[in-house]
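Residue indices begin at 1 and follow the sequence shown. Remember, it's a predicted structure, so these values are computed and weren't measured experimentally. Only this structure's heavy atoms are used, side chains among them; waters, hydrogens and symmetry mates stay out.
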Amino acid sequence: MNQLFSLILDHLNLGVLVVDNSYRVIVWNSWLERASGVIKAEAVNRPLGEICPCFQKHSIKDMLDNAIINGENRFCSGMLHTAFVYPQEAGDSTEKGRQNMQIEAFYQDGEVFALIQISDITGQYRRVRWLQNLVKELEVDYESAKQSEEYAKRNALYDPLTGLCNRTLFYDRFRQSLVQAGRNGQLVALLFLDLDGFKAVNDSMGHPSGDLLLKRVAARLNTAVREADTVCRLGGDEYTIILPDINSKNNAEMIARNILSLFSVEFNLEDKKAFITASIGISIFPDDGDDAETLVKHADSAMYSVKASGKNGYQFYSVK
């Protein structure tokens, strides 16, 4: 019967060892021989800590104590621990992969023993780690793709220099405002603004200063309007402002005057300063047109009238 028992143990695909209450090895199967390099004849009757140094560690020895003294069963996952049984010449358990360990107490003829079962999970651990790394890579790829998509969407609708709505988003919002105003019988004003003297600043101070000036202009325009209004940069030094749901032309005139007042203060361009003005043309829906293209054309025409009459002012569109 003992031979049959030993034969069965030696055919198991896991390590099986038994220690007595003094931690001397009683049973040591073939799997452990292969894992440790220590044959059964050399292992039996030796202290377990001499064969497997990790069992000298305080944490693992405590688990053996709890099994033998208190009869507690313990399980150590190879997902959290490295190998428990490995050749001593390897020096480092991390070189030998990952192992699960189950410690169970049992009694025989009034004596207490600890049954220790050890199984190799290196393959499973590596697959789990591979999957974890794959998930991390996919998360990074997803975030990168998401950021790229958001960046592309933003660049498609917003001016990358000033952060204002670009021409595409301007026409979309302007048409929406006109549709809503037509339904509700409201007025909508469009301000078409062109900077006076921008080219001179750009040529004399350089393009970086010119770009910074365009940003500063955008910031000031945002302070001049209501929350419901939309400030856009069409391109170059041209800006538009949509004023939905106004009561009269006076509302548009008040904002135009506010903008000109803000432009009376010079712009700080880091170590340089620049003074520019603005020419503003204004068209009103539905008086000056009932579609976006016509209203833009008429506001642009009014802006050029301001340019022709000396710049630095505003003018409503009027039929000549």
Quick check: closest heavy atoms across R74 and N66, and the distance to 0.1 Å? NH1-ND2, 3.7 Å

Indicate the ring-plane relationship of F267 and F263, choosing parallel, tilted or perpendicular according to the 30° and 60° boundaries. perpendicular

Do other residues, nucleotides or ligands put more than 12 heavy atoms under 6.0 Å from F275 CZ? yes

Is a donor on one side and an acceptor on the other found under 3.5 Å between the side chain of D10 and the backbone of S30? yes

For K146, does the NZ atom sit with more than 12 other heavy atoms under 6.0 Å from it, leaving out its own atoms? no

When you compare the side chain of C76 with that of M63, does any pair of heavy atoms fall below 4.5 Å? yes

State, to 0.1 Å, how close V306 and N312 come at their nearest heavy-atom pair, and which atoms those are. CG1-N, 4.4 Å

Between S283 and D288, do the side chains contain an N or O donor and an N or O acceptor separated by less than 3.5 Å? no

Quiz question: by atom type and distance under 3.5 Å, do the side chains of N29 and E33 form a donor-acceptor pair? no

Decide yes or no for L190 and V188: does some side-chain heavy atom of the first lie under 4.5 Å from some side-chain heavy atom of the second? no

Salt-bridge test for R175 and E293: reply yes if a basic N is under 4.0 Å from a carboxylate O, no otherwise. yes

So does Q56 have more than 12 non-hydrogen atoms from other groups sitting under 6.0 Å from CD? yes

Run D237 and L214 through side chain to side chain contact (heavy atoms under 4.5 Å, CB included) and show every step you take. CA-CA 7 Å; D237 59 348; L214 293 174; 4.3 Å; yes

Check: R233 side chain, N166 main-chain N or O, donor-acceptor pair, under 3.5 Å: no

V44 side chain reached by I26 side chain, heavy atoms, under 4.5 Å: no

Can you establish whether the number of heavy atoms outside K297 located under 6.0 Å from its atom NZ is more than 12? no

As a quick check of understanding, evaluate side chain to side chain donor-acceptor pair (under 3.5 Å) for D291 and T294, giving each step before the final call. CA-CA 6 Å; D291 62 84; T294 300; 2.9 Å; yes

Which heavy atom of V265 sits nearest to which heavy atom of R220, and what is that distance? O-NH1, 2.6 Å

Over 60° means perpendicular and under 30° means parallel, so tell me whether F55 and F84 are parallel, tilted or perpendicular. tilted

Do D141 and S144 have side-chain N/O donor and acceptor atoms under 3.5 Å apart? no

Could you tell me whether the side chain of L221 reaches within less than 4.5 Å of the side chain of L193, counting heavy atoms only? yes

Run the side chain to side chain contact (heavy atoms under 4.5 Å, CB included) test on T168 and L157 for me, step by step, so that the C-alpha distance in whole Å, both residues' side-chain angles and the decisive distance to 0.1 Å come before the verdict. CA-CA 6 Å; T168 300; L157 299 175; 4.2 Å; yes

For A256 and I282, work out which heavy atoms get closest and say how close. CB-CD1, 4.1 Å

Take E137 and N133, measure what side chain to side chain donor-acceptor pair (under 3.5 Å) needs, and give me the verdict at the end. CA-CA 6 Å; E137 290 176 7; N133 291 333; over 6 Å; no

Crowding at CG, N13 (>12 non-hydrogen neighbours, <6.0 Å): no

Does the side chain of R129 pick up a donor-acceptor pair with the side chain of Q132 at under 3.5 Å? yes

Any side-chain heavy-atom pair from R24 and V19 closer than 4.5 angstrom? no

Any donor-acceptor pair under 3.5 Å linking the side-chain atoms of D245 with those of Q186? yes

I116: which of V18, L48, V85 passes side chain to side chain contact (heavy atoms under 4.5 Å, CB included): L48

Can you confirm whether the side chains of D159 and T162 place a donor and an acceptor under 3.5 Å from each other? yes

Would you tell me whether S279 and D194 have side-chain atoms, one donor and one acceptor, within less than 3.5 Å of each other? no

Do the side-chain N and O atoms of D211 and H207 include a donor-acceptor pair separated by under 3.5 angstrom? no

Would you check if K249 and M254 make a side-chain contact, meaning some heavy-atom pair closer than 4.5 Å? no

Does the N202 side chain pair with the main chain of F198, one donor and one acceptor, at a distance under 3.5 Å? no

Any idea which heavy atoms bring I255 and V225 closest together, and the distance? CG2-CG1, 4.3 Å

Candidate pair I103 and L64, rule side chain to side chain contact (heavy atoms under 4.5 Å, CB included), full reasoning: CA-CA 7 Å; I103 303 176; L64 279 173; 4.2 Å; yes

Identify the two heavy atoms, one from V16 and one from L32, that lie closest to each other, and give their separation to 0.1 Å. O-CD1, 3.3 Å

Stepwise, does the side chain to side chain contact (heavy atoms under 4.5 Å, CB included) test hold for V25 with N45? CA-CA 5 Å; V25 175; N45 291 323; over 6 Å; no

